[in-house]
2 protein chains.
Amino acid sequence: MTPEFNLIKQYFTRPTRNTKLGVGDDAALISLSAGMELAISADMLVAGTHFFADCDAYQLGWKSLAVNISDMAAMGANAKWATLAIALPDINESWLAEFSRGFFACADSFNVDLIGGDTTRGSLTISVQIMGEVPIGKALRRDGAKVGDDIWVTGSLGDAAIGLAHLQNKLQPHFTLADHYLEYCLNALHQPQPRLALGLNLLEIAHSAIDISDGLLSDLGHILKAHNLGGAIYLNKLPCSIFTKQHQHEKQIQQYLLAGGDDYELCFTAPQGSRNAIEKIASDLNLPISLIGSIHEGACLIVLDNENKPISIGKTGYDHFA
Amino acid sequence: MTPEFNLIKQYFTRPTRNTKLGVGDDAALISLSAGMELAISADMLVAGTHFFADCDAYQLGWKSLAVNISDMAAMGANAKWATLAIALPDINESWLAEFSRGFFACADSFNVDLIGGDTTRGSLTISVQIMGEVPIGKALRRDGAKVGDDIWVTGSLGDAAIGLAHLQNKLQPHFTLADHYLEYCLNALHQPQPRLALGLNLLEIAHSAIDISDGLLSDLGHILKAHNLGGAIYLNKLPCSIFTKQHQHEKQIQQYLLAGGDDYELCFTAPQGSRNAIEKIASDLNLPISLIGSIHEGACLIVLDNENKPISIGKTGYDHFA
């Protein structure tokens, strides 16, 4: 068997759970469950842009899939299938073994089948497409927010960005990260946990949702821009680590919290009457959740400090070409 | 609007025909028609491996989608939706305008909606995923060939490989290509025409099918390997140009014909009793079609020359890592 086909067989072919025809033919075949439509999303990760070329292969495998499953969470879709197209500079079997181990660890955690893709020679580039089912007409979208909605976020913000800043030696010298917190930040950066279960539970409750990949302000901004709405969020309500809380009056840390990106938490809006339901869902899932602000008329997004004064925001999120 | 989002809006957002929710949210949404299942395929094209970095952007846009639609043709699926993830070294607006023009020219030719994707910074890499509908249980596959089947191919073989060899100055000096034939070869290389309509018409007729991307021998080889079958094909029955016919006794030209790749024709097997039906379908589609051999017991693929003697084959097809 030629090298390229052997790679696919050895590293990317596994039994599937929900797939009619998997890896090995010109295309894969899947069926949708009754009453469902298909949500589809794609992401490309490039060495040097999204990850360090020498990063841990297992973690890269995990993250390549996780960031895509996060898009399914943001739609309230049940992630079920993925394809993986990867360009490799050469055949490094130990790297591939680790990458595929991480990829499939994530796939197994979220019951996703890898059903197809491509391997080719080139500068390390990873392209994943994720597909999931969602009840017809019920998908969470970015454009459903209403005036008066609460704004919620899951988990904790800023940790991944702080971890990245540490690796890039960009943290100002007076910030010292305790070892366990640094480990936490790096784990958040390298192995994000998409909030798939929460997304599924928000169907029929949330009016809009998005996953925080570029940064809270940038991503929440998409929700607002859909209908030129405004929003007010409160700095002291943003969920974050003790370290971040201690330093959130400092501009660099504020940036990581509000605009660092790579959080892969969900940001969603919902009617005020749903507060109890949402808190119960989160509690049942053992997932931290925070009410951080509300949707208003007008097209501005403001962040209010502890004295309810607007703070000025610098760069609002990650843009590859900025 | 930030540069990255502006790119998507300006160059990759167009009205859709068959899509519930297109570009702009965390995921796209599509529904399947009743009685249909979804075929999914992905391809990645890398500058320097699949195309010259300085190639014509329009043609690259066309080909990026066309090679994926060809996978749908090989399944007998009706291509309907695509996603496009692209890494760009920088924002070159005139290049992007041409690339997207070529991509959408192909999409419009085959009624495919672009429904999502990603743009990012990196070495020029293009990842396309194509999706299509096929009646449940009826998809053409690689593993359905039976002993006694005829082997057919569409169109003409070898022209794209000859065009590529010319561009790379690899054609032996005594081969002179007439201008109009060179133009034909380059067009075959740069703007292949996937045989989508034929694929749809082969449902319930062909036992197996594959599109010829790596090369006839390599791709037909996949059909044979599925059940360890053998095949015999006749050199003088292979459809090709007058130039190739004139020189097909010469090893270099034989290689292009049998193993050059980039043909994007369909190779399929079907019962002998279907010959008339197949010829009628091809005639109605105004598509050349050729009966080139047959499926046998045993696990060998042999190519017979004009005297029915086996010829020896060198490299059987393109492998990125060989």
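Both backbone and side-chain heavy atoms feed into the values below; hydrogens, waters and symmetry mates do not. Sequence lines set the chain letters: A, B, ... in the order given, protein chains first and strands last, and positions in each chain run from 1.
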Heavy atoms only, distances under 4.5 angstrom: which of [options] has the most pairs with chain A? Name it, please.
options	value
B:Asp43, B:Thr83, B:Ile30	B:Ile30
B:Leu29, B:Val46, B:Ile210, B:Ile136	B:Leu29
B:Ala42, B:Gly116, B:Ala28	B:Ala28

Heavy-atom contact with chain B under 4.5 Å, split by part of [X]:
X	answer
A:Met72	side chain
A:Asn68	neither
A:Ala77	neither
A:Leu21	side chain

Quick one, [X] and [Y] - any side-chain contact, counting heavy atoms below 4.5 Å?
X	Y	answer
B:Ile115	A:Ile40	yes
B:Asp25	A:Met75	yes
A:His50	B:Arg121	no

With distance as the sole test, does A:Ser123 use its side chain to make a donor-acceptor pair with the main-chain N or O of B:Ser123 at under 3.5 Å?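 No.
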
Quick one: does A:Thr49's side chain have a donor or acceptor within less than 3.5 Å of a partner on B:Gly122's backbone?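 Such a contact is absent between A:Thr49 side chain and B:Gly122 backbone.
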
Using the side-chain contact (heavy atoms from CB on, under 4.5 Å) rule, pick out the option among B:Ile86, B:Leu84, B:Asp118 that qualifies with A:Met44.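 Testing A:Met44 for a side-chain contact (heavy atoms from CB on, under 4.5 Å) against B:Ile86, B:Leu84, B:Asp118 leaves exactly one candidate, B:Asp118.
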
What part of B:Met131 is in contact with chain A, defined as an atom under 4.5 angstrom from a non-hydrogen atom: side chain, backbone, both or neither?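 For B:Met131, the contact with chain A is made by the side chain alone.
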
Distance-only polar pair, side chains of A:Ser127 and B:Ser127, donor-acceptor under 3.5 Å: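 Result is yes, a qualifying pair exists.
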
How many angstroms lie between OG in B:Ser31 and CG in A:Leu32, if you round to the nearest 0.5 Å?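 It comes to 8.0 Å.
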
Under 4.5 Å, counting heavy-atom pairs only, tell me which of [options] racks up the most with chain B.
options	value
A:Asp71, A:Leu45, A:Ile130	A:Asp71
A:Glu37, A:Lys20, A:Met36, A:Arg142	A:Arg142
A:Ala47, A:Ser41, A:Ala226	A:Ser41

